[in-house]
A.B. asks: 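Provided herewith is a single structure, encoded as structure tokens, for subsequent inquiry.
For this chain, numbers begin at 1 and follow the sequence in order.
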Amino acid sequence: LILLDLNLPDSKGVGTIESVHAITPSTPIVLLTGTADEMLGVEAIKAGADDYLVKDNTYAKLLVRAIGYSIERNKLVGTNKIFKSVIESITDGIITIDGNGIIETFNRQSEIIFGYKAAEVLGKNISALMPEDERADHQKYTRESVLHAPRIINRVRDLEGTRKDGSQFPMELSVSPIMFNGQKIFVGVVRDITERKSTEYALKESEERFNLSQTFANIGTWDWTIETGELYWSDRIPVLFGHPKSELETSYENFIGAVHPDDRDSVSKAVSACVEMGVEYDIEHRVVWPDGTVRWLHESGDVVRDDAGKP
């Protein structure tokens with residue numbers, strides 16, 4: 001804390017405050033002067049002083065109050081600087097809006113995601129960052145935030161965003177309300193999920209190709225995690241057992257139950273031999289469809305083991 005008297009011989013008036021802040025910008029300054037000049041006090045505060053006191057009217061209690069206020073104020077300023085630094089360095093876009101949907105803050109990552117500088121969007125409605133055909137809905141949700149809260153508040157949603165150049169992209173958005181200075185504001189966390197969506201699309205496309213190839217070849221695949229008993233089979237397996245696709249519950253019991261009664265023992269022994277002794281699993285057996293039709297299937301497979309030889 002610095003108590004500064006502008007009446008001292010080496011003082012340069014209000015400019016002294018600026019000189020002090022140039023050396024130690026975070027140190028609080030309380031100005032003491034014998035001049036009851038309100039304009040001087042205003043100039044001092046503008047220059048960076050935390051408080052202004054006239055010495056003739058300065059009682060000990062008042063001085064203590066001014067000192068305490070200055071210290072606490074600078075602590076708060078320091079905390080705000082740390083908070084702002086965190087917000088600016090985070091890898092997600094952070095946008096705050098008021099109750100009318102007006103953008104109040106727009107961090108650096110938001111600038112990267114949307115292509116706007118903060119100054120270009122501050123004061124505008126958040127719907128400006130949405131596709132044009134969806135802007136009316138977003139403005140409605142903001143106006144009726146209480147009514148639509150279950151749909152948009154404290155939930156993570158995937159939706160489309162619009163960049164400055166007009167291009168659209170998939171983004172993940174979560175919105176949470178907070179109270180700040182007695183006012184409710186909304187904090188939006190935005191993440192560009194273009195890469196994730198591309199991966200999901202590629203995976204879906206690969207699965208579709210896999211299912212089509214199994215349909216054309218009339219084959220199915222299954223794998224069984226012996227340790228946990230978990231069983232997976234492809235959509236074609238129920239069809240090979242005479243059931244509509246995806247309508248037969250995946251279980252080892254349903255598999256054995258579909259095998260012809262006269263073949264169940266040989267199938268079970270073949271499975272055990274493969275698991276326990278490493279014998280190749282290659283067998284032909286009959287299955288009985290729900291309508292009584294008997295079909296022949298050929299199965300082949302092997303056990304995947306860990307480094308210790310455990311399946």
A.B. asks: Could you measure the distance from the CD1 atom of Ile237 to the CG atom of Leu248? Nearest 0.5 Å is fine.
C.D. replies: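 Those atoms lie 9.5 Å apart.
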A.B. asks: Just so I know, are the side chains of Arg191 and Arg196 near enough to count as touching, which here means a heavy-atom distance under 4.5 Å?
C.D. replies: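 A side-chain contact under 4.5 Å is absent here.
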A.B. asks: Does Glu200 pair with Lys204 as a salt bridge, N-O distance under 4.0 Å?
C.D. replies: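 Judged by the 4.0 Å cut-off on N to carboxylate O distance, Glu200 and Lys204 do not form a salt bridge.
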A.B. asks: In the structure I gave you, are the side-chain heavy atoms of Ile126 and Phe186 within less than 4.5 Å of one another anywhere?
C.D. replies: no
A.B. asks: Please tell me whether Val189 and Ile112 are part of a single hydrophobic cluster in this structure, the criterion being side-chain heavy atoms less than 4.5 Å apart.
C.D. replies: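 Looking at the clustering, Ile112 is in a separate group from Val189.
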A.B. asks: Write down the atom of Glu120, the atom of Lys164, and the distance for their closest heavy-atom approach.
C.D. replies: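 Nearest heavy atoms, Glu120 then Lys164: OE2-NZ, 2.7 Å.
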A.B. asks: Going through the distances and angles, do Asp133 and Glu160 end up as a side chain to side chain contact (heavy atoms under 4.5 Å, CB included)?
C.D. replies: CA-CA 11 Å; Asp133 59 349; Glu160 292 289 309; over 6 Å; no
A.B. asks: Is there a side-chain contact between Pro238 and Glu247 (heavy atoms, below 4.5 Å)?
C.D. replies: no
A.B. asks: Name all residues meeting the side chain to side chain contact (heavy atoms under 4.5 Å, CB included) criterion together with Pro261; count only those two or more places apart in sequence or in a different chain, and write none if there are none.
C.D. replies: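 For Pro261, the residues satisfying side chain to side chain contact (heavy atoms under 4.5 Å, CB included) (neighbours in sequence not counted) are Arg264, Val288.
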A.B. asks: Which value, rounded to the nearest 0.5 Å, describes the distance between Asn125 atom CG and Asn100 atom CG?
C.D. replies: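 One finds 8.5 Å between CG of Asn125 and CG of Asn100.
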A.B. asks: How long is the span from the CZ atom in Phe241 to the CZ atom in Arg295, to the nearest 0.5 Å?
C.D. replies: 13.0 Å
A.B. asks: Could you tell me whether a side-chain N or O of Glu104 sits under 3.5 Å from a main-chain N or O of Thr96, the two making a donor and an acceptor?
C.D. replies: no
A.B. asks: Under 6.0 Å from the CD atom of Glu195, do we count more than 12 heavy atoms belonging to anything else shown?
C.D. replies: no
A.B. asks: Quick one: list whatever passes ring-ring contact (aromatic ring centres under 6.0 Å, His included) with Trp224, sequence neighbours left out.
C.D. replies: Tyr252
A.B. asks: Looking at CD of Gln168 and OG1 of Thr162, how far apart are the two atoms once the value is rounded to the nearest 0.5 Å?
C.D. replies: 4.5 Å
A.B. asks: Within this structure, what is the OG-CG distance for the pair Ser206 and Asn211, rounded to the nearest 0.5 Å?
C.D. replies: 9.5 Å
A.B. asks: Is there a side-chain contact between Met171 and Met130 (heavy atoms, below 4.5 Å)?
C.D. replies: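 Sidechains of Met130 and Met171: in contact.
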A.B. asks: With rounding to the nearest 0.5 angstrom, report the CD1 to CG distance, Ile185 to Asp98.
C.D. replies: 9.0 Å
A.B. asks: Taking only residues two or more places apart in sequence or in another chain, which ones pass ring-ring contact (aromatic ring centres under 6.0 Å, His included) with Phe210?
C.D. replies: none
A.B. asks: Applying ring-ring contact (aromatic ring centres under 6.0 Å, His included), can you list everything that pairs with Phe114, at least two apart in sequence or on another chain?
C.D. replies: Phe169
A.B. asks: Kindly say whether Arg286 contributes a backbone atom to a donor-acceptor pair with the side chain of Asp263 at under 3.5 angstrom?
C.D. replies: yes
A.B. asks: I need the minimum non-hydrogen distance between Gly242 and Pro290, along with the two atoms involved.
C.D. replies: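 So the two residues come closest at O-CD, 3.6 Å.
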A.B. asks: By side chain to side chain contact (heavy atoms under 4.5 Å, CB included), which residues pair with Glu207, not counting sequence neighbours?
C.D. replies: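 Residues passing side chain to side chain contact (heavy atoms under 4.5 Å, CB included) with Glu207: Leu203.
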A.B. asks: In the structure I gave you, are the side-chain heavy atoms of Leu129 and Ile95 within less than 4.5 Å of one another anywhere?
C.D. replies: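 Heavy-atom side-chain distance check passes, below 4.5 Å.
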A.B. asks: Honestly curious: do Leu231 and Val239 fall in one hydrophobic cluster under the side-chain, below-4.5 Å linking rule?
C.D. replies: no
A.B. asks: I need the minimum non-hydrogen distance between Ile256 and Ser268, along with the two atoms involved.
C.D. replies: CD1-OG, 3.9 Å
A.B. asks: Within the supplied structure, the quantity of interest is the number of heavy atoms (other residues, nucleotides, ligands) at a distance under 6.0 Å from Glu132 CD; does it exceed 12?
C.D. replies: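 Open.
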A.B. asks: Should Trp233 and Leu240 count as side-chain neighbours, where that means a heavy-atom distance under 4.5 Å?
C.D. replies: no
A.B. asks: Start with the C-alpha gap between Thr215 and Arg236, add the side-chain angles, then the distance that decides, and say whether side chain to side chain contact (heavy atoms under 4.5 Å, CB included) holds.
C.D. replies: CA-CA 7 Å; Thr215 299; Arg236 196 65 187 166; 4.1 Å; yes
A.B. asks: Using every non-hydrogen atom in the two residues, find where Tyr116 and Ala128 come nearest and quote the distance to one decimal.
C.D. replies: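 Looking at all heavy atoms of both residues, the closest pair is OH-O, 4.5 Å.
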A.B. asks: Compile the donor-acceptor pairs under 3.5 Å between side chains in residues 298-311 and protein atoms, sequence neighbours left out, one pair per line.
C.D. replies:
{"residue": "His298", "atom": "NE2", "partner": "Asp282", "partner atom": "OD1", "Å": "3.0"}
{"residue": "Glu299", "atom": "OE1", "partner": "Trp222", "partner atom": "NE1", "Å": "3.0"}
{"residue": "Glu299", "atom": "OE2", "partner": "Tyr281", "partner atom": "OH", "Å": "3.4"}
{"residue": "Glu299", "atom": "OE2", "partner": "His285", "partner atom": "NE2", "Å": "2.5"}
{"residue": "Arg305", "atom": "NH1", "partner": "Val275", "partner atom": "O", "Å": "3.3"}
{"residue": "Arg305", "atom": "NH1", "partner": "Gly309", "partner atom": "O", "Å": "3.4"}
{"residue": "Arg305", "atom": "NH2", "partner": "Cys274", "partner atom": "O", "Å": "3.0"}
{"residue": "Arg305", "atom": "NH2", "partner": "Val275", "partner atom": "O", "Å": "2.9"}
{"residue": "Asp306", "atom": "OD1", "partner": "Ala308", "partner atom": "N", "Å": "3.0"}
{"residue": "Asp306", "atom": "OD1", "partner": "Gly309", "partner atom": "N", "Å": "3.0"}
{"residue": "Asp306", "atom": "OD1", "partner": "Lys310", "partner atom": "N", "Å": "2.7"}

A.B. asks: Between Val267 and Ile283, is a side chain to side chain contact (heavy atoms under 4.5 Å, CB included) present by the stated rule, with each step listed?
C.D. replies: CA-CA 7 Å; Val267 170; Ile283 186 173; 4.0 Å; yes
A.B. asks: Show your reasoning for whether side chain to side chain contact (heavy atoms under 4.5 Å, CB included) applies to Ile97 and Ile102.
C.D. replies: CA-CA 5 Å; Ile97 63 174; Ile102 302 302; 5.9 Å; no
A.B. asks: Could you check if a side-chain atom of Ser110 sits within less than 4.5 angstrom of a side-chain atom of Asn107, using non-hydrogen atoms only?
C.D. replies: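 Counting from C-beta outward, Ser110 and Asn107 do come under 4.5 Å.
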A.B. asks: Would you confirm whether Asp192, through its side chain, and Ile113, through its main-chain N or O, come within 3.5 Å as a donor-acceptor pair?
C.D. replies: no
A.B. asks: Would one find more than 12 heavy atoms of other residues, nucleotides or ligands at under 6.0 Å from atom CD of Glu227?
C.D. replies: no
A.B. asks: Would you say Ile94 and Gln109 make side-chain contact, with heavy atoms under 4.5 Å?
C.D. replies: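 No. Closest side-chain heavy atoms not under 4.5 Å.
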